[in-house]
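Presented below is the structure to which this report refers.
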Amino acid sequence: MTTGPGRPRLTSQRRPGQTTPEEILDAAGELFTTKGFAATSTRQIAEMVGIRQASLYHHFPNKEEILVALLEETVSPALVAAGRLADAAAPATVRLHALATYDVTQLTATKWNLGALYLLPELLTDRFEPFRAQRTLLRRHYRQLADQALTEITDDSGDTSPALTDLPFRIVESAIATRADIERGLLPGPENEGAAGLLADACLRALGWTRPMDEIRAKSRALLAETAGGTPLRL
C-alpha cells in the first residue's frame with residue numbers, strides 16, 4: 001500500500017478518510033461486506049471513492065491487497081492489547097476479561113462488519129497466510145489466559161482440554177455473527193450495546209466462574225485504561 005497522491009481524483013471526496021487509501025478501504029469494506037468479495041471489482045471500488053481505477057492501483061496493486069489491509073485492521077489492535085495484557089500485574093481472570101472486552105469492542109464498533117470476511121474461501125490461499133498466522137497468535141493468547149484463569153478459578157493446575165481453553169476466543173468471535181444477524185434485522189440492536197461486557201463475562205462463565213462479575217468488570221476496566229492504549233473502554 002502506498003500513500004502518495006496518484007492521479008487527480010475525478011470528483012470531490014466521497015468517502016470518509018484522511019487519505020485516499022483510507023477512502024479506498026472504507027469503500028471496499030462496504031462492498032465486500034454487502035455485495036461480497038468475489039462480486040466486487042476494483043472499478044466499483046474506485047467509482048465509489050471517485051477516483052480512476054488506475055489511481056486505485058497506485059495505492060493497492062489488486063483487490064486481494066485491499067482485503068489484506070482490511071483484515072489486518074480486525075486483528076492487529078487486539079494483538080497489541082493482548083501483548084500488553086500478557087505482562088500486566090493482574091489475575092488472569094481480569095486480564096482475560098479485559099482482552100475479551102477490548103476485542104469485542106473493536107469488532108463491533110467498526111463501520112463495517114469486517115470480521116464476517118473471515119469465512120471467505122480466498123483466505124485459504126498463500127497470500128493470506130500472514131493474516132492466518134496473526135489470528136492464530138491471537139487465539140494462542142486467549143488460550144494461555146484461559147488456561148491461567150482456569151487455575152485461578154478451579155485451583156487445579158492439571159492439564160485442561162484444548163476445547164475448553166478455546167471457548168473464550170470462540171465466544172468473542174461470536175460477536176461477528178451476532179452483528180451480522182442484527183444488520184439483517186434478525187436480532188434487535190444496536191449490536192454493541194453491552195455486548196463487550198456480556199461476552200467478556202461469558203468467557204469467564206464458560207471456564208467455571210460462578211461469583212458476581214462486578215469486581216471483575218471494574219478491575220478489567222481499570223486495567224484497559226492502563227495497558228490497552230490508555231483510553232478506558234465502556235462495558
Side-chain angles (χ1 to χ4, degrees), residues 1-3 16-19 21-22 24-26 28-29 32-33 60 65-118 123 127-149 165-176 179 191-192 195-204 216-235:
M1 183 181 74
T2 61
T3 57
Q18 296 182 351
T19 65
E22 289 178 358
I24 292 170
L25 291 174
D26 180 70
F32 291 169
T33 56
F60 297 95
E65 294 304 311
I66 299 175
L67 180 57
V68 166
L70 287 172
L71 290 170
E72 185 178 0
E73 290 181 5
T74 70
V75 71
S76 292
L79 270 176
V80 171
R84 292 175 179 172
L85 290 166
D87 298 325
T93 48
V94 174
R95 288 182 284 135
L96 177 59
H97 193 281
L99 177 58
T101 300
Y102 184 88
D103 204 0
V104 173
T105 298
Q106 61 97 24
L107 284 173
T108 57
T110 54
K111 186 175 181 181
W112 312 111
N113 189 12
L114 300 177
L117 303 174
Y118 289 177
L123 266 62
R127 178 61 192 89
F128 295 94
E129 194 282 330
F131 164 73
R132 296 197 304 272
Q134 278 192 313
R135 189 161 171 249
T136 297
L137 179 57
L138 179 60
R139 192 174 200 159
R140 189 176 301 128
H141 276 291
Y142 272 101
R143 284 177 170 172
Q144 289 172 346
L145 282 175
D147 188 61
Q148 295 168 17
T165 55
D166 199 45
L167 278 178
F169 180 78
R170 292 182 177 275
I171 289 169
V172 165
E173 289 206 340
S174 73
I176 297 168
R179 178 175 178 176
E191 66 272 4
N192 61 345
L198 288 173
L199 290 182
D201 291 354
C203 289
L204 295 186
I216 288 284
R217 283 190 170 206
K219 290 181 178 179
S220 171
R221 186 186 300 112
L223 186 59
L224 283 173
E226 296 171 5
T227 64
T231 301
L233 296 175
R234 292 184 178 180
L235 297 177

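Here the structure is a predicted model, which is why all the values come from computation and not from measurement. Numbering starts at 1 and runs along the sequence shown.
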Q.
Checking Ala202 now: which residues fulfil side chain to side chain contact (heavy atoms under 4.5 Å, CB included) with it, not counting sequence neighbours?
A. Ile171

Q.
With side-chain contact (heavy atoms from CB on, under 4.5 Å) as the test, pick out the partner of Thr33 among Leu117, Thr110, Leu70.
A. Leu117

Q. Taking atom CG of Leu137 and atom NE2 of His141, what is their separation to the nearest 0.5 Å?
A. 4.5 Å

Q) How would you list, by chain and number, every residue that makes a side chain to side chain contact (heavy atoms under 4.5 Å, CB included) with Ala116, sequence neighbours excluded? A) Asn113, Ile176

Q: Mind checking the NZ-CG spacing from Lys111 to Asp26? Nearest 0.5 Å is all I need.
A: 4.0 Å

Q: Return the minimal non-hydrogen interatomic distance between Ala109 and Arg179, and the atom names on each side.
A: N-NH1, 4.3 Å

Q) Taking the side chain as C-beta and beyond, is there a heavy-atom pair between Leu145 and Pro168 under 4.5 Å? A) no

(Q) How long is the straight-line distance from OG1 of Thr101 back to CZ of Arg217, given to the nearest 0.5 Å? (A) 7.5 Å

Q. Got a sec, which residues hit side chain to side chain contact (heavy atoms under 4.5 Å, CB included) with Ser174, two or more places apart in sequence or on another chain?
A. Leu199

(Q) Run the salt bridge (Lys or Arg N to Asp or Glu O under 4.0 Å) test against Arg127 and tell me which residues pass, sequence neighbours left out. (A) Glu65

Q: Not counting sequence neighbours, which residues clear side chain to side chain contact (heavy atoms under 4.5 Å, CB included) with Thr165? List them please.
A: Arg143, Ala146, Asp147, Leu150, Thr160

Q) What are the two closest non-hydrogen atoms of Ala69 and Phe60, and how far apart are they? A) CB-CE2, 4.1 Å

Q: Find the distance between CG (Leu114) and CD (Glu72) and round it off to the nearest 0.5 Å.
A: 12.5 Å

Q: Please list, chain by chain and in numerical order, all residues satisfying ring pair (Phe, Tyr, Trp, His ring centres under 6.0 Å) with Phe131, sequence neighbours excluded.
A: Tyr118

Q) Looking at Tyr142 and Ala100, what are the two nearest heavy atoms and their distance? A) OH-CA, 3.7 Å

Q | Leu67 side chain reached by Leu71 side chain, heavy atoms, under 4.5 Å | A | yes

Q) Which heavy atom of Gln134 sits nearest a heavy atom of Ser76, and at what distance? A) NE2-OG, 3.5 Å

Q | Closest contact, heavy atoms only, Ala82 versus Leu138 | A | CB-CD1, 4.3 Å

Q) Between the main-chain N or O of Leu223 and the side-chain N or O of Thr227, is there a donor-acceptor pair closer than 3.5 Å? A) yes

(Q) Within this structure, what is the CZ-CZ distance for the pair Arg135 and Arg140, rounded to the nearest 0.5 Å? (A) 13.5 Å

Q: List the atom of Ala86, the atom of Arg95, and the distance in Å for their closest heavy-atom pair.
A: O-NH1, 3.3 Å

Q. Measuring from Glu226:CD to Leu85:CG, what's the distance to the nearest 0.5 Å?
A. 10.0 Å

**Q.** Partners meeting side-chain hydrogen bond (donor to acceptor under 3.5 Å, both in side chains) with Arg170 (sequence neighbours left out)
**A.** Asp166

